[in-house]
S.K.: 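Before I ask anything, here is the structure I am working with.
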Amino acid sequence: MFDSKKSVVQEVRISFLNKTNKKLFIKRDDLIDEFVSGNKWRKLKYNIEHALQLGKKGILTFGGAYSNHLLASAAACKEYGLNSIGIVRGEELTLDSNEMLKKCSELGMHLVFVSRNEYSNRTENNFIQYYKAEFPEFYLVPEGGANYYGIIGCQEIMREAGFDFDRVFIAQGTTTTSCGILTSLKNGMRLSVIPVLKGYDSLGEMKKLLNYSGFEQDWVNDLLTLVDVHSESHFGGYGKYNSTLLELMESFYKETSIPLDPVYTGKLIHALYEYCLTTSEIEEKILIIHTGGISGGRQISLSEGYVFN
Ligand SMILES: *Cc1c(COP(=O)(O)O)cnc(C)c1O
């Protein structure tokens with residue numbers, strides 16, 4: 001199935017670091033699978049196991065028009081012999097609107113397009129109840145796999161990487177992956193989170209998700225003191241980028257042969273560079289988590305922007 005042994009830890013050697021006292025390592029979750037890339041498999045693993053345990057026919061989940069989560073859900077369900085339904089934001093969209101939706105459909109996902117207004121109610125109880133009643137044989141996974149099972153799947157990232165690091169860098173969408181990492185830290189390690197949305201309340205959202213998932217409140221409050229939020233690398237908001245970011249990604253790729261995506265991991269590297277520059281004298285061993293985002297042959301091109309090849 002999907003083998004996390006492919007996610008190796010590598011030392012990253014870049015000239016940029018020569019001026020600093022930092023040592024850099026990267027956990028390559030992007031290598032897990034072509035479509036179920038990076039943290040998306042971590043978040044789905046126990047959700048899928050639970051759906052199978054419940055004897056459900058499939059998984060119903062939610063996402064935007066370019067959702068890595070929908071694509072991963074479609075591919076993972078296919079692999080496990082489950083059906084999949086994707087509730088997609090945007091009633092004007094069709095199966096042919098973009099390569100991501102086309103691929104989801106090819107992988108057997110049934111796509112339901114809903115208005116932005118209806119979609120924005122997706123976590124509200126009546127909306128959830130509606131889909132549960134409409135598709136009783138499907139197990140509902142929240143957008144981005146943001147639930148208890150998503151978090152415990154992400155705890156495995158650090159268990160595989162080991163705990164011989166001072167700091168971990170991770171990009172944030174729903175915060176599920178960062179919550180999994182935070183709840184598995186040891187030995188005084190700190191966590192650097194990079195929200196890719198503008199004006200995002202990282203600590204508030206993490207606290208909400210951890211409490212909702214049943215983690216003890218006092219422990220959650222203690223854990224959150226280990227988090228540093230890098231809120232200045234969003235480049236204008238979700239999915240936004242400019243030539244500075246693309247150039248940074250390209251130069252990182254040239255030196256390391258590690259591809260990045262402009263939505264998450266590119267912004268992570270931007271925040272990492274800024275951090276290393278301002279704290280260059282502090283000796284630290286840093287682990288960055290490559291959460292993927294380059295599935296299905298998506299590539300970045302400096303002249304054309306974000307393209308499929
Ligand atoms: C979805 C995604 C994230 C965000 O993960 P969350 O668990 O939602 O915070 C980060 N990086 C990549 C590449 C992603 O596709």
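Each ligand, and each atom within it, is numbered from 1 in the order the structure gives. Positions are given from 1 along the sequence. Side chains included, hydrogens not; waters and symmetry mates left out as well; all remaining heavy atoms used.
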S.K.: Within 45° of the six-membered ring axis of F163 and under 6.0 Å from that ring's centre, is NZ or CZ of K186 located there?
M.R.: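 Flagged: K186 positioned over aromatic ring of F163.
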S.K.: Is the NZ or CZ atom of R89 positioned over Y119's six-membered ring, under 6.0 angstrom from the centre and within 45° of the axis?
M.R.: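 Yes - R89 lies over the ring of Y119, closer than 6.0 Å to its centre and within 45° of its axis.
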S.K.: Strictly by modelled atom types, are T183 and Q155 linked by a side-chain donor-acceptor pair under 3.5 Å?
M.R.: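 Side-chain D/A pair, T183 to Q155: present.
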S.K.: When you look at K27 and I157, which way does the side chain to side chain contact (heavy atoms under 4.5 Å, CB included) test go after all the steps?
M.R.: CA-CA 8 Å; K27 175 129 175 78; I157 298 173; 4.1 Å; yes
S.K.: Is the charged tip of K45 near the ring of Y149: under 6.0 Å from the six-membered ring centre and within 45° of its axis?
M.R.: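 The answer is no, since K45 fails at least one limit relative to Y149.
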S.K.: Under a 3.5 Å threshold, I'd like every N/O contact between ligand 1 and protein atoms, with atom names and distance.
M.R.:
from	atom 1	to	atom 2	distance (Å)
ligand 1	5 (O)	N39	ND2	2.9
ligand 1	7 (O)	K43	NZ	2.8
ligand 1	7 (O)	T176	N	3.4
ligand 1	7 (O)	T177	N	2.9
ligand 1	7 (O)	T177	OG1	2.6
ligand 1	8 (O)	K43	NZ	3.0
ligand 1	8 (O)	T174	N	2.7
ligand 1	8 (O)	T174	OG1	2.6
ligand 1	9 (O)	G173	N	2.8
ligand 1	9 (O)	T174	N	3.2
ligand 1	9 (O)	T175	N	2.9
ligand 1	11 (N)	T291	OG1	2.6
ligand 1	15 (O)	K40	NZ	2.8
ligand 1	15 (O)	N68	ND2	2.7

S.K.: Check the angle between the aromatic planes of H230 and F169 and answer parallel, tilted or perpendicular using the 30° and 60° thresholds.
M.R.: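 Tilted: the ring planes of H230 and F169 meet at 30° to 60°.
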